[in-house]
Amino acid sequence: MTEAAALPGQPRGGVLSGPATARAVNVLAPNASAMTLDGTNTWIVSEPDSELAVVIDPGPLDDVHLEHVVAVAEAAGKRVALTLLTHGHPDHAEGAGRFAELTRTDVRALDPDLRLGDEGLAGGDVVTVGGLELRVVAAPGHTADSLCFHLPADRAVLTGDTVLGRGTTVVAHPDGRLGDYLDSLRRLRSLTVDDGVDTVLPGHGPVLEDAQGAVEFYLAHRANRLAQVETAVESGYVTASEIVAHVYTAVDRSLWPAAELSVLAQLDYLKEHGLI
């Protein structure tokens, strides 16, 4: 067994940019950081024999990146016909308006403030472009407006920040809620069990080739963290910063402010369920 195969979700090695499945191509944005990992994955999705493509998460407001996305699509004989957003965080959505100008496309999102055009998005919707079918999966939790996109023809799901290619994601309190996030993970697990999804195309990090393993890891991680936070409260730690310093000792300190958001979401969850 390779080292990569031993990691949750079996992350695919090699260069992140380029073809990931028969229908999905990644164009990596140049915004790497501790929070964004290697950068934002901007996905170009299309049927192999179609001239039309969908772009998911144009990424930051960076003209070089946005123009490169268009160039990659055109080099493959594709015209971008629609832009979709998994959620509104700037590293995914800030460039959407400019990208819409470059491609003359509408932008569809759950949040009305992010849309350009008359159509929104919601769980249960089906987006079809040039024979491509994307099924919209409601995935609140990381943020209230988070969505995933099920690509049944490739047995894949595009997860935005709901499931990352490496590490785990933040429940961005107060917009993000842990109960919602756990429900979203269970919804994704049902896709792997009932709908044959085996590949995760994440918003950051490498492609995961064991979708069910990745989701199960996330659920177990959340349960473990929740138990740790509950124990910390019982031991007298009160504030989110105190709990992070006690529980998240193995996490890079530069990520502690983000971890505090997840802790606040966990404290709310514990209170709502009468556990603290």
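Numbers here simply count residues along the sequence, with the first being 1. Given the structure is predicted, the values throughout are model-derived calculations rather than measurements.
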Between atom [atom1] of [X] and atom [atom2] of [Y], what is the distance when rounded to the nearest 0.5 Å?
X	Y	atom1	atom2	result
Y248	R225	OH	CZ	5.0 Å
L147	T159	CG	OG1	12.0 Å
D198	L208	CG	CG	11.5 Å
H221	L219	NE2	CG	11.0 Å
L178	Q266	CG	CD	6.0 Å
Q212	Q10	CD	CD	11.5 Å

Residue list, salt bridge (Lys or Arg N to Asp or Glu O under 4.0 Å) with R222, at least two apart or on another chain: none
Counting C-beta onward and ignoring hydrogens, is there a side-chain heavy-atom pair between [X] and [Y] closer than 4.5 Å?
X	Y	value
L114	V107	no
D154	T199	no
L121	V127	yes
P152	R135	yes
L134	L84	yes
L66	D62	no
L102	V69	no
P140	S184	yes

Cationic N near anionic O, under 4.0 Å, R177 to D268: no
For [X] versus [Y], what's the shortest heavy-atom pair and its separation?
X	Y	value
S146	T162	CB-OG1, 4.2 Å
G88	D145	N-OD2, 3.0 Å
A211	T192	CB-CG2, 3.8 Å
P48	A22	CG-O, 3.8 Å
C148	L188	SG-CD2, 4.1 Å
P206	P11	CG-CB, 3.6 Å

Any link between [X] and [Y] through a network of hydrophobic side chains (Ile, Leu, Val, Met, Phe, Trp, Tyr) touching at under 4.5 Å?
X	Y	answer
V80	L151	no
M35	V163	yes
V72	L158	no
F99	F149	no
V27	L16	no

Pair I243-L267, side chain to side chain contact (heavy atoms under 4.5 Å, CB included): steps then yes or no: CA-CA 10 Å; I243 293 170; L267 290 172; 3.9 Å; yes
Residue pairs passing the ring-ring contact (aromatic ring centres under 6.0 Å, His included) test where at least one lies in residues 180-212, sequence neighbours excluded: H92-H204
Trace of the side chain to side chain contact (heavy atoms under 4.5 Å, CB included) decision for N41 with L201: CA-CA 9 Å; N41 294 335; L201 306 177; over 6 Å; no
Can a donor-acceptor pair be found, under 3.5 Å and without considering hydrogens, that links the side chain of [X] to the backbone of [Y]?
X	Y	value
H246	E242	no
T105	A81	no
T42	P58	yes
D175	T143	no
S262	V171	yes
T169	D161	yes
K271	I276	no
W43	P202	yes
Y237	V244	no
R155	G196	yes

Test salt bridge (Lys or Arg N to Asp or Glu O under 4.0 Å) applied to E51 and R79, step by step: CA-CA 6 Å; E51 297 179 355; R79 177 177 66 83; over 6 Å; no
From CA spacing to verdict: side chain to side chain contact (heavy atoms under 4.5 Å, CB included), D125, R108: CA-CA 11 Å; D125 288 350; R108 295 183 63 184; 4.1 Å; yes
Pair T86, D57: side-chain N/O donor-acceptor within cut-off below 3.5 Å: yes
Polar side chain donor-acceptor pair, D195 to H150, under 3.5 angstrom: no
Qualifying residue, where the test is side chain to side chain donor-acceptor pair (under 3.5 Å) with N31 and the options are T40, D38, T36: T40
Residue N224 excluded, over 12 heavy atoms near CG under 6.0 Å: yes
Trace of the side chain to side chain contact (heavy atoms under 4.5 Å, CB included) decision for V55 with T103: CA-CA 10 Å; V55 165; T103 58; over 6 Å; no
Positive for side-chain contact (heavy atoms from CB on, under 4.5 Å) with R187, one of L185, D183, L191: D183
